[in-house]
Amino acid sequence: MAALKKVCVIGSGNWGSAIAKIVGANAAKYEKFDSTVNMWVFEETVNDRKLSEIINTDHENVKYLPGHKLPTNVRAVPDLVESVKGADILIFVVPHQFIIRVCDTIKDHIKKEAVGMSLIKGVDTGPEGLKLISEVIRARLGICMTVLMGANIASEVAEDKFCETTIGCKDKAHGPVLKELMQTTNFRVTVVEESDVVEICGALKNIVAVGAGFCDGLGFGDNTKAAVIRLGLMEMISFARVFCTNCPVSASTFLESCGVADLITTCYGGRNRKIGEAFAKTGKSIEQLENEMLNGQKLQGPATAAEINHILKQKNLVERFPLFTAVYQICFNGQPVTEFISCLQNHPEHM
């Protein structure tokens with residue numbers, strides 16, 4: 001009989017905890033998985049108690065996913081190295097700013113044949129240009145990587161509201177196992193091979209969502225916001241076609257949950273839209289709003305806009321991506337938020 005597959009969730013914010021709820025239930029339900037799921041918890045004190053102790057005793061992440069019980073077989077482990085020992089499937093759900101530190105900590109303590117899955121929505125920029133987070137993890141750990149992206153607001157997933165998601169998996173052998181681990185009646189999984197495109201969608205839609213938030217803060221209405229979503233989607237497709245040179249980029253992937261659905265839900269809900277709106281209304285800095293409004297969570301959209309702008313400058317392609325560029329300039333370079341509309345009016349799509 002084959003050994004049971006052991007699963008570890010690396011990260012315990014609201015999305016990490018919501019995924020641990022699904023993975024924990026499925027690991028207990030299906031015979032091929034070890035029923036205990038480790039979840040690495042960055043230790044902090046909440047109401048004079050350690051967060052890991054609260055999760056293991058009360059089975060609830062009271063800071064990041066309050067009001068939702070986690071399965072009793074999900075075990076919070078505050079020691080990162082301890083959490084990954086013996087794991088066959090490593091699910092990465094930490095802010096993308098921390099991923100290199102996480103990888104360097106665990107690289108000598110994981111199985112060489114482990115399969116990784118990144119739920120991290122962002123990109124990394126280095127001297128060689130654009131690097132997807134899954135590529136960063138693969139390069140640091142030497143393991144096979146997959147991704148999961150979709151229209152998945154964590155609180156709604158935790159409430160078991162119906163939604164879809166997309167797994168990007170180049171190796172067909174891993175797809176069925178990962179689908180079984182993730183899918184529920186109300187969390188429907190599609191597996192596609194274009195994992196780079198799936199991941200790029202997950203990163204870029206956060207930039208568009210900040211722009212949608214600007215529209216809300218400036219009172220521009222739904223017609224304008226629809227234009228932001230459409231033009232943002234066109235820039236997402238253009239960007240993928242420029243940078244995914246080692247795999248096909250088919251329009252059908254953008255019609256999966258990772259593409260247009262995730263873009264829509266993020267532009268109407270989610271933290272990037274919320275901060276974009278507050279930025280337009282209050283004039284406070286992105287950093288200040290993040291500290292005031294996000295209860296310790298990290299914002300991905302503005303950071304991704306800065307990284308994408310750096311890459312576009314390297315390639316001399318800034319002019320082709322006016323929406324991405326405007327979000328960057330407004331967030332970091334003092335361009336008035338009221339000028340955001342001009343990037344829509346003069347977009348190359350309209351020329």
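Because the structure is predicted, anything quoted here is derived from the model rather than measured. Both backbone and side-chain heavy atoms feed into the values below; hydrogens, waters and symmetry mates do not.
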Legend entry - Flag, side chain of Asn333 to backbone of Gln335, donor-acceptor distance under 3.5 Å: no
Inset, instruction - Report yes or no: does Asp124 contribute a side-chain atom to a donor-acceptor pair with the main-chain N or O of Ile133 at less than 3.5 Å? - result: no
Inset, instruction - First locate atom CH2 of Trp40, then atom CZ of Phe92, and finally report the distance between them rounded to the nearest 0.5 Å. - result: 11.0 Å
Legend entry - Over all atoms of both residues, closest heavy-atom pair of Gly13 and Asn61: O-ND2, 4.4 Å
Inset, instruction - With the side chain counted from C-beta on, respond yes when Val102 and Ile10 share a heavy-atom pair under 4.5 Å apart, and no when they do not. - result: yes
Legend entry - NZ-CG distance between Lys50 and Asn56, expressed to the nearest 0.5 angstrom: 11.5 Å
Legend entry - Asn152 versus Thr165, side-chain donor and acceptor atoms under 3.5 Å: yes
Legend entry - Pro71 vs His59 side-chain heavy atoms within contact, under 4.5 Å: no
Legend entry - Heavy-atom check, side chain of Ile100 versus side chain of Arg140, under 4.5 Å: yes
Inset, instruction - Check for a donor-acceptor pair, side chain of Glu193 on one end and backbone N or O of Lys172 on the other, with a separation under 3.5 Å. - result: no
Inset, instruction - Evaluate the side-chain proximity of Val23 to Ile91: yes if any heavy-atom separation is below 4.5 Å, no if none is. - result: yes
Legend entry - Min side-chain heavy-atom separation Ile89-Leu181 under 4.5 Å: yes
Inset, instruction - Would you mind telling me which of Ile264, Leu263, Thr265 makes a side chain to side chain contact (heavy atoms under 4.5 Å, CB included) with Cys267? - result: Leu263
Legend entry - Pair Glu199 + Lys121, salt bridge at N-O below 4.0 Å: no
Inset, instruction - Go through Ser52 and Glu43 one step at a time and tell me if the side-chain hydrogen bond (donor to acceptor under 3.5 Å, both in side chains) criterion holds. - result: CA-CA 6 Å; Ser52 61; Glu43 192 70 281; 2.6 Å; yes
Inset, instruction - With the side chain counted from C-beta on, respond yes when Cys201 and Met236 share a heavy-atom pair under 4.5 Å apart, and no when they do not. - result: yes
Legend entry - From NZ (Lys315) to CZ (Phe239), nearest 0.5 Å: 9.0 Å
Legend entry - Cluster overlap Ile120 with Ile22, hydrophobic side-chain contacts below 4.5 Å: no
Inset, instruction - Determine, using the 4.5 Å side-chain heavy-atom cutoff (strictly less than), whether Leu344 and Phe279 are members of one ILVMFWY cluster. - result: yes
Legend entry - Co-membership, hydrophobic cluster, residues Val7 and Ile143, 4.5 Å side-chain: no
Legend entry - Set of residues satisfying side chain to side chain contact (heavy atoms under 4.5 Å, CB included) with respect to Thr190, sequence neighbours excluded: Val192, Glu256
Legend entry - Chi angles and distances behind the side-chain hydrogen bond (donor to acceptor under 3.5 Å, both in side chains) call for Arg271, Asn14: CA-CA 12 Å; Arg271 66 188 86 151; Asn14 67 337; 3.3 Å; yes
Legend entry - Pairwise distance NZ(Lys6) to CZ(Phe33) - rounded to 0.5 angstrom: 13.0 Å
Inset, instruction - Determine the sole option in Asn309, Ile311, Leu312, Ile308 for which the side chain to side chain contact (heavy atoms under 4.5 Å, CB included) test with Phe321 is passed. - result: Leu312
Inset, instruction - Quick one: closest heavy-atom pair of Thr304 and Ala203, and the distance? - result: CG2-O, 3.7 Å
Inset, instruction - For residues His174 and Cys144, determine if any side-chain heavy atom of one lies less than 4.5 Å from a side-chain heavy atom of the other. - result: yes
Legend entry - Flag for Asp262-Thr266: side-chain donor and acceptor within less than 3.5 Å: yes
Inset, instruction - Answer yes or no for Lys5 and Tyr30: cation-pi contact, defined as NZ/CZ to six-membered ring centre under 6.0 Å and angle to ring axis within 45°. - result: no
Legend entry - Spatial distance of atom CG (Leu65) from atom OG (Ser17) [nearest 0.5 Å]: 5.5 Å
Legend entry - Exercise: do Gln300 and His96 side chains pair donor with acceptor under 3.5 Å: yes
Inset, instruction - Inspect the contact between Glu53 and Arg49 and indicate whether a charged nitrogen and a carboxylate oxygen are less than 4.0 angstrom apart. - result: yes
Side chains of residues 226-235: which donor-acceptor partners sit under 3.5 Å, not counting sequence neighbours?
unit_1	atom_1	unit_2	atom_2	d
Arg230	NH1	Glu349	OE1	3.3
Glu235	OE1	Phe324	N	3.1
Glu235	OE2	Leu323	N	2.8
Glu235	OE2	His347	NE2	2.7

Legend entry - Residues Asp58 and Lys69 bridged, charged N to O under 4.0 Å: no
Legend entry - Ser285 (side chain) donor-acceptor with Gln288 (main chain) under 3.5 angstrom: yes
Inset, instruction - Decide whether Phe187 and Leu119 are clustered together by the hydrophobic rule: side chain heavy atoms of Ile, Leu, Val, Met, Phe, Trp, Tyr closer than 4.5 Å, transitively. - result: yes
Inset, instruction - Spell out, yes or no, whether Val177 and Leu4 are grouped together once hydrophobic residues are joined by side-chain heavy atoms under 4.5 Å, including indirect joins. - result: no
Legend entry - Thr253 side chain near Cys258 side chain, heavy-atom distance below 4.5 Å: yes
